[in-house]
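Below: the structure, in structure tokens.
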Amino acid sequence: MVLRLLEESTFLRSLFENVSDAILVVDKDGTVTGANAAFEKMTGWSAAEVIGHGELCDICRGVATCSEESTCVECFSKKSSVSSFEMQVRTRDGKEIPVVASSTRLPEIGHGALVLILRDMSEQQRAQRERHQRQLTRNVIEAQEAERKRISRDLHDGIGQALFSIMVGLKVVNQLDLDPAMREHLDEVQKLTAKTLDEVKNMSVQLRPSALDDLGLVPAVRSYAKGYQHTFGIRAQVEVQGKGRRYRSEVETAVYRIYQEAMINVAKYAQTEEVIVRLHDTGDLLELIVEDRGVGFDPENIRVQGTGLGLFGMRERADLIGGKVDLISVPGKGTTVRVTVPVQEEEASV
Ligand SMILES: Nc1ncnc2c1ncn2[C@@H]1O[C@H](COP(=O)(O)OP(=O)(O)OP(=O)(O)O)[C@@H](O)[C@H]1O
Ligand SMILES: [Mg+2]
């Protein structure tokens with residue numbers, strides 16, 4: 001019998017000291033009478049510092065409710081037991097950490113001691129906030145792409161088609177027997193209409209090229225390089241290795257936008273006459289490289305010349321599709337932007 005009791009108390013002490021949840025015992029007046037090793041680890045307060053000296057209210061920063069982070073209304077210590085609630089605990093170095101707690105009243109010990117079991121939720125809350133943030137970013141990007149697609153199609157099919165009809169009409173009129181002054185005027189209007197149509201088509205492609213949706217990443221990359229060469233006078237050489245296949249729409253969009261941003265950066269800052277684009281598909285990895293031998297910059301100390309969101313946006317887009325962006329730049333030597341995205345064989349071909 002004596003041995004059983006001894007075993008039981010050893011077991012309970014061992015349990016108290018070794019569980020991963022923090023345990024705090026307070027007497028009926030709120031003075032701390034016990035704290036285990038997990039409590040010391042979680043809060044930084046040693047048991048010796050709090051037992052007999054600390055008050056529950058010194059450590060507790062209140063109970064979280066739906067509307068407030070923490071409040072002392074309806075304090076759990078006034079109730080006999082509460083199975084699960086959220087509260088904030090003050091650590092020794094003044095931080096406040098969120099915990100999930102349960103409180104149990106033990107009537108036969110010290111006229112009603114209260115045992116609090118606390119589980120640190122900081123890591124879970126941080127992970128949840130991160131997941132929420134990523135979902136928000138994903139939603140914003142999706143909404144932006146959908147809107148760009150809609151405006152691009154409207155421009156192409158609406159204003160673009162109307163301008164084309166006007167051009168055909170002007171051509172017909174120009175075939176009539178007109179006096180020279182009138183013909184000269186009409187030629188001007190025709191030229192202006194053709195230029196406006198080009199601009200509208202260009203805007204439509206810039207917003208979202210239909211090639212990306214209809215034909216996929218490789219044709220869209222090639223087609224952009226062609227237009228880029230024409231617009232900026234920078235030779236854009238595209239080298240493709242591997243199958244020219246389709247990828248998930250979000251992968252195609254993200255890689256295309258990263259490519260576009262890297263190419264625009266070359267045009268704006270690199271001061272070069274040539275850019276090399278490499279698209280490489282190894283079967284389970286898609287790699288896109290944009291390389292210039294221009295002025296380069298120090299990636300550790302970027303002197304932002306525009307709004308400075310481009311590189312950040314590239315990383316964010318890559319991250320959302322499970323990929324990553326590597327940036328190598330050396331002043332005087334040039335810049336290489338490399339995006340890699342894991343892709344699966346079966347996800348790809350359409
Ligand atoms: N290919 C490049 N060659 C030389 N400098 C570059 C190149 N790419 C980026 N940089 C430098 O890095 C800085 C940051 O680029 P980032 O794309 O993040 O911002 P930005 O182009 O300045 O603005 P935003 O992209 O938001 O319009 C640029 O301001 C520029 O100084
Ligand atoms: Mg930029």
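Every number for a ligand or one of its atoms is a count from 1 in the order of the listing. Numbers for residues simply follow the sequence, beginning at 1. Keep in mind that this is a model prediction, so the values were computed, not measured.
The aromatic ring centroids of Phe297 and Tyr269 lie 6.0 Å or more from each other.
When hydrogens are left out, the protein atom nearest atom 24 (P) of ligand 1 is Thr307 OG1, 3.3 Å; that is the closest non-hydrogen contact. Nearest protein heavy-atom contact of atom 21 (O) of ligand 1 is Tyr269 OH, 2.7 Å. The closest protein non-hydrogen atom to atom 29 (O) of ligand 1 is Gln305 N, 2.6 Å. The single protein non-hydrogen atom nearest to atom 10 (N) of ligand 1 is Phe297 CE2, 3.4 Å, given as residue, atom name and distance.
For Lys268, every heavy-atom contact with ligand 1 shorter than 4.0 Å involves the side chain, none the backbone. Heavy atoms of Asp292 found under 4.0 angstrom from ligand 1 belong exclusively to the side chain. Of the heavy atoms in Leu311, both backbone and side-chain atoms come closer than 4.0 Å to ligand 1. Proximity of Ile302 to ligand 1, defined as any heavy-atom pair under 4.0 Å, is confined to the side chain (atoms from C-beta onward).
At least one N/O-N/O distance between Leu309 and ligand 1 falls below 3.5 Å. At least one N/O-N/O distance between Gly308 and ligand 1 falls below 3.5 Å. Between Gly296 and ligand 1, not a single N/O pair is under 3.5 Å apart.
Using a cutoff of 4.0 Å between basic side-chain nitrogens and carboxylate oxygens, Asp187 and Lys191 are not scored as salt-bridged. A salt bridge links Glu145 and Arg257; the closest N-O separation between the charged side-chain nitrogens and carboxylate oxygens is under 4.0 Å. Electrostatic pairing of Glu287 and Arg278 does not count as a salt bridge here, judged by no charged N lying under 4.0 Å from a carboxylate O.
Nearest N/O/S atom of Glu261 with respect to the Mg ion (ligand 2) is recorded as OE2.
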Show your working on side chain to side chain contact (heavy atoms under 4.5 Å, CB included) between Ile234 and Met263 and close with a plain yes or no. CA-CA 10 Å; Ile234 298 172; Met263 293 289 276; over 6 Å; no
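With a 6.0 Å radius and a threshold of 12 heavy atoms from other residues, nucleotides or ligands, His280 has its NE2 atom above the threshold. Glu86 CD: 12 or fewer foreign heavy atoms inside a 6.0 Å radius.
For a distance bound of 2.8 Å, the N, O or S atoms of Asn265 include one lying that close to the Mg ion (ligand 2).
By the ring pair (Phe, Tyr, Trp, His ring centres under 6.0 Å) test, Phe232 is found to be paired with Tyr228, residues two or more places apart in sequence or in another chain being considered. Scored by the side-chain contact (heavy atoms from CB on, under 4.5 Å) test, Glu142 finds Arg138 as partners (sequence neighbours excluded).
Atoms of ligand 1 lying under 4.0 Å from any heavy atom of Thr335, numbered from 1 in the order shown and given with element: 1 (N), 2 (C), 3 (N). Listed by number with element, the atoms of ligand 1 under 4.0 Å from a non-hydrogen atom of Glu261 are 17 (O), 25 (O). Which parts of ligand 1 touch Gly310 is read off a 4.0 Å heavy-atom cut-off, strictly below it: atoms 16 (P), 17 (O), 18 (O), 19 (O), 24 (P), 25 (O), 26 (O). Those atoms of ligand 1 that come under 4.0 Å of a heavy atom in Val304, given as number and element, are 22 (O), 29 (O).
For the side-chain contact (heavy atoms from CB on, under 4.5 Å) criterion with Phe39, the lone passing option out of Ile59, Asp21, Val32, Val25 is Ile59.
Between the side chains of Thr43 and Thr91, not a single donor N or O lies within less than 3.5 Å of an accepting N or O.
Heavy atoms of Gln271 stay at 4.0 angstrom or farther from ligand 1.
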